[in-house]
A.B. asks: 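The structure's right below; bear with me while I get my questions together.
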Amino acid sequence: MNLDVSRATSIKSEDESSRSLYIGIAKKWKSQSYQGDNILNQAICPIEGYINNLSLDSIYEDNQSLEHPFECHFNSTGCLTKPTNINMSAILAIGFLSGIDRIMQEKHRAAPQFFGVLDPSIYILKAGIENAINSYELLPVSYNQVMIRGTLRYCARILDKIDDFSDSIVDKIKRYVFLVESLRRQVESSTTFAQLDLTYIENKFEFIEEEASDRGYLPKLENLTL
Amino acid sequence: MGIEAEKHRKAIIVCIFDPLPLDKVRVDQIRQENLFEVVASLEGNAIFLASPSKNIEISVQLTRLEYIDANDAPFDKRNIEIYEKALKVLPPLRIKAMGVNLNYALTLEGNIIAAEYIRDKFLKENEALQDKIGSPIIGSSTRIFYGEPTDHFDIRIYPLDLISKEIGITIHKHKDKDIANQDLLIKETHETFYKSCEEYFKLKNKLF
């Protein structure tokens with residue numbers, strides 16, 4: 001599928017957050033193949049006239065972001081629930097786009113709110129978790145290796161349960177995933193990794209576990225089958 | 001054949017330790033010691049110390065400390081006093097492994113292309129391999145491990161360029177070691193560093 005990104009140049013955005021969202025979606029779809037581009041291109045039409053001109057530069061920020069769809073090079077942290085300047089038609093169109101995205105990927109997700117699933121950084125975070133799990137699976141089995149894989153799978157399960165991706169637990173998960181990815185890079189030797197005392201990492205995970213359990217997303221890890 | 005020229009490059013010491021929250025590192029105290037011209041904390045993810053005048057850098061992450069000496073003096077003449085002083089201003093580390101990397105390059109007498117030399121010296125049955133590949137092999141590099149998985153040498157020999165005469169060599173010594181005492185850490189570091197230097201001399205004389 002070739003999403004007609006050039007059309008984005010004529011699309012107007014009255015709200016910086018929705019503008020950056022659209023840039024993100026355009027980039028993601030530009031670099032991946034989807035079927036049903038007619039449907040998607042038709043879905044873009046209602047947005048025209050409601051979103052300010054986007055410069056082509058802002059869409060093609062750099063080649064790297066197009067070649068690496070899971071690396072986020074734009075700011076998508078605008079408030080997703082404050083579309084005060086966006087016409088209702090555009091709101092419906094954005095919701096429709098998110099629905100199409102869900103169908104195309106044929107992945108099970110909890111029913112998202114209108115704007116929740118539009119945060120592409122969640123896809124990036126999920127991909128990051130998957131990559132981290134794969135990276136740790138290359139290490140020989142040890143308590144540390146099993147522990148970290150388990151915590152990462154738990155985090156992935158939470159993301160599947162969350163409706164609102166501006167939830168504070170998402171930020172905690174992002175930080176935890178970053179910590180764990182960085183740990184993997186720092187400790188190259190598998191024999192050394194097994195010997196580390198990772199109580200600090202476990203404690204960081206417990207904050208996520210407590211919040212997930214208190215808020216009813218998931219029971220604690222020890223009570224869960226992954 | 002002998003060695004025509006040699007360049008000593010970076011000497012690196014690495015420590016791996018139990019996670020150290022970097023907010024426990026007293027960056028202000030390190031600044032006061034005036035050991036480094038640059039002292040930077042990178043958003044709680046890393047601390048970077050550098051002395052450009054001495055060609056020394058240290059980075060401290062959650063579980064890893066790297067000391068890089070980018071001078072060109074012979075390895076056995078390198079002074080790791082700054083490393084020792086830096087350790088003393090850091091919170092106590094529970095070391096689980098340490099490593100030393102010595103990087104150097106040499107050129108052999110006789111106008112020899114490095115890639116071809118390594119191919120001929122280290123690649124076994126290269127003619128049979130060429131037949132299978134269907135093309136001449138124009139160069140090779142090699143990596144050799146010896147010792148035990150928890151205490152070993154890892155030697156890499158590679159051409160710096162496909163048409164260059166310079167052979168790059170990295171000697172890496174890895175040692176899993178549980179150390180909680182700073183004085184013992186410094187003593188072990190000295191021993192490991194100088195064992196690596198001895199290995200460098202041995203390999204240089206016996207392999208080339």
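So you know, we letter chains A, B, ... as the sequences are listed, proteins then strands, and number each from 1.
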A.B. asks: Is a donor on one side and an acceptor on the other found under 3.5 Å between the side chain of Asp197(A) and the backbone of Asp18(B)?
C.D. replies: no
A.B. asks: Can you tell me which portion of Phe178(A) sits under 4.5 Å from chain B's heavy atoms? Options are side chain, backbone, both or neither.
C.D. replies: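 The answer is the side chain of Phe178(A).
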A.B. asks: Name the member of Asp178(B), Thr63(B), Thr150(B), Ile16(B) that forms the most heavy-atom pairs with chain A at distances under 4.5 Å.
C.D. replies: Thr63(B)
A.B. asks: Does a sphere of radius 6.0 Å around CZ in Arg31(B) hold more than 12 heavy atoms from other residues, nucleotides or ligands, not counting ones at 6.0 Å or beyond?
C.D. replies: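 Atom CZ in Arg31(B) is crowded, with more than 12 foreign heavy atoms closer than 6.0 Å.
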A.B. asks: Specify which of Leu179(A), Leu196(A), Ile201(A) makes the most heavy-atom pairs with chain B at under 4.5 Å.
C.D. replies: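 Of the options given, most contacts go to Leu196(A).
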A.B. asks: So with a 6.0 Å cut-off around CD of Glu37(B), is the heavy-atom count from everything else above 12?
C.D. replies: yes
A.B. asks: Report, as yes or no, whether the 6.0 Å neighbourhood of atom NZ on Lys172(A) holds more than 12 heavy atoms from other residues, nucleotides or ligands.
C.D. replies: yes
A.B. asks: Would you say NZ of Lys177(B) has more than 12 non-hydrogen atoms from neighbouring residues, nucleotides or ligands within 6.0 angstrom?
C.D. replies: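 For Lys177(B), atom NZ is not crowded (no more than 12 foreign heavy atoms under 6.0 Å).
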A.B. asks: Checking heavy atoms, do the side chain of Asn45(B), its backbone, both or neither come under 4.5 Å from chain A?
C.D. replies: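 When you check distances to chain A, only side chain atoms of Asn45(B) fall under 4.5 Å.
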A.B. asks: Answer yes or no: is there a donor N or O on one side and an acceptor on the other, between the side chain of Lys96(B) and the main chain of Thr192(A), under 3.5 Å?
C.D. replies: no
A.B. asks: Report the C-alpha distance between Arg64(B) and Glu188(A) in whole Å, list the side-chain angles of each, state the deciding distance to 0.1 Å, and finish with yes or no for side-chain contact (heavy atoms from CB on, under 4.5 Å).
C.D. replies: CA-CA 10 Å; Arg64(B) 183 182 180 99; Glu188(A) 294 154 345; 3.9 Å; yes
A.B. asks: Please indicate whether Lys204(B) has more than 12 foreign heavy atoms, meaning atoms of other residues, nucleotides or ligands, lying under 6.0 Å from its NZ.
C.D. replies: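 Yes, NZ of Lys204(B) has more than 12 neighbouring heavy atoms, counting only those of other groups under 6.0 Å.
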A.B. asks: Hey, could you give me the CD/CG distance between Gln61(B) and Leu183(A), rounded to the nearest 0.5 Å?
C.D. replies: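 The CG atom of Leu183(A) is 10.5 Å from CD of Gln61(B), to the nearest 0.5 Å.
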